[in-house]
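Step one of this worksheet: look at the structure below.
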Amino acid sequence: DSYDKTRNANLSQQWISGGFRYRNYISSQRNAASVTIGADYEDYQFQVGSDSQIRNSLETSGVNLSLFSEIPQSSRYSWELGIEFMPKAKHAETLTSANVQSGNSPDADMIGINIGGRIYIDSSNQMFWKISERFEKDQFAGDSSKPDPATNSTQTNVSVTNTFTMIQIGYTWGN
């Protein structure tokens, strides 16, 4: 939490999502491929303490649209592929003691891709893995509230790109 790396700050990241899915099977065979369309409301928060000297708390929220496909390779294994898109998300910076703003009227968009697999132990038990990559681009209008410490000049129309790489391993059960 300092430019000379002598101070640390506690932070937490939180993703909350809820929505609807529609799945369509390509055929009526037992191991048929499927396509799932989803719409979720999603909220991402990056929270730091109010005493942070160089970081703000951030929040990005909006409707996340997704397309997901499950492609069976055998009766025991399926590949899973997906893409997601959050157009015109709402992005906000919450000021801390740093009192820094990147600009105003942020325009935010997010796109993500994922690939994974599912192992069917039986009809009620499955193990899965997934690797996903998300890209969020935030474009601010106007000038930043303070000069950039590296160049000692106020920045105009600041652009920020956040990327998230996630690896998931899990277990699903149920009828």
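Given the structure is predicted, the values throughout are model-derived calculations rather than measurements.
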What pair of heavy atoms forms the shortest contact from [X] to [Y], and how long is it?
X: S61; Y: M86; result: C-SD, 4.0 Å
X: V63; Y: P87; result: O-CD, 3.8 Å
X: G117; Y: Y77; result: CA-OH, 3.3 Å
X: L65; Y: A39; result: CD2-CB, 4.1 Å
X: A32; Y: Y25; result: O-CD2, 3.9 Å
X: P72; Y: A33; result: CD-CA, 3.6 Å

Distance-only polar pair, side chains of D143 and T156, donor-acceptor under 3.5 Å: yes
Residue pair T165 / E133, side-chain donor-acceptor N/O under 3.5 Å: yes
I'd like to know if the side chain of [X] and the backbone of [Y] have a donor-acceptor N/O pair within less than 3.5 Å.
X: N157; Y: G142; answer: yes
X: N64; Y: Y41; answer: no
X: S78; Y: R118; answer: no
X: Q53; Y: S97; answer: no
X: D109; Y: K137; answer: no
X: T96; Y: S52; answer: yes

Partners meeting side-chain hydrogen bond (donor to acceptor under 3.5 Å, both in side chains) with D122 (sequence neighbours left out):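 Residues passing side-chain hydrogen bond (donor to acceptor under 3.5 Å, both in side chains) with D122: N125.
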For S144, all residues meeting side-chain hydrogen bond (donor to acceptor under 3.5 Å, both in side chains), sequence neighbours excluded: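 Result, side-chain hydrogen bond (donor to acceptor under 3.5 Å, both in side chains) vs S144: none returned.
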Find the distance between [atom1] ([X]) and [atom2] ([Y]) and round it off to the nearest 0.5 Å.
X: D138; Y: S159; atom1: CG; atom2: OG; answer: 8.0 Å
X: Q45; Y: Q13; atom1: CD; atom2: CD; answer: 11.0 Å
X: L81; Y: K130; atom1: CG; atom2: NZ; answer: 11.5 Å
X: I119; Y: R76; atom1: CD1; atom2: CZ; answer: 11.0 Å
X: E93; Y: N104; atom1: CD; atom2: CG; answer: 10.0 Å
X: Q47; Y: N10; atom1: CD; atom2: CG; answer: 12.0 Å

Around atom [atom1] of [X], are there more than 12 heavy atoms of other residues, nucleotides or ligands at under 6.0 Å?
X: K146; atom1: NZ; value: yes
X: Y171; atom1: OH; value: yes
X: Q29; atom1: CD; value: no

Hydrophobic cluster (4.5 angstrom, side-chain heavy atoms) - remaining members for L11: W15, Y44, F46, V48, L58, F164, M166
Hphob cluster co-occupancy, I113 + F68, side-chain heavy atoms under 4.5 angstrom: no
M127 with W173, same ILVMFWY side-chain cluster at under 4.5 Å: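 Yes: a chain of side-chain contacts under 4.5 Å links M127 to W173.
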Residues R7, D51; criterion side chain to side chain contact (heavy atoms under 4.5 Å, CB included); working and verdict: CA-CA 11 Å; R7 175 181 153 84; D51 63 339; 3.6 Å; yes
Beyond-backbone contact of I54 with V100, side-chain heavy atoms, under 4.5 angstrom: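 Sidechains of V100 and I54: no contact.
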Salt bridge (charged side-chain N to carboxylate O under 4.0 Å, His left out) between R21 and D40, worked out: CA-CA 9 Å; R21 301 277 180 280; D40 296 290; 2.9 Å; yes
From CA spacing to verdict: side chain to side chain contact (heavy atoms under 4.5 Å, CB included), T94, N56: CA-CA 6 Å; T94 302; N56 286 338; 5.9 Å; no
Residue pair T60, M110: steps toward the side chain to side chain contact (heavy atoms under 4.5 Å, CB included) verdict: CA-CA 10 Å; T60 303; M110 186 278 299; over 6 Å; no
F140 and H91: CA distance, side-chain angles, deciding distance, side chain to side chain contact (heavy atoms under 4.5 Å, CB included) verdict: CA-CA 10 Å; F140 294 87; H91 182 78; 3.8 Å; yes
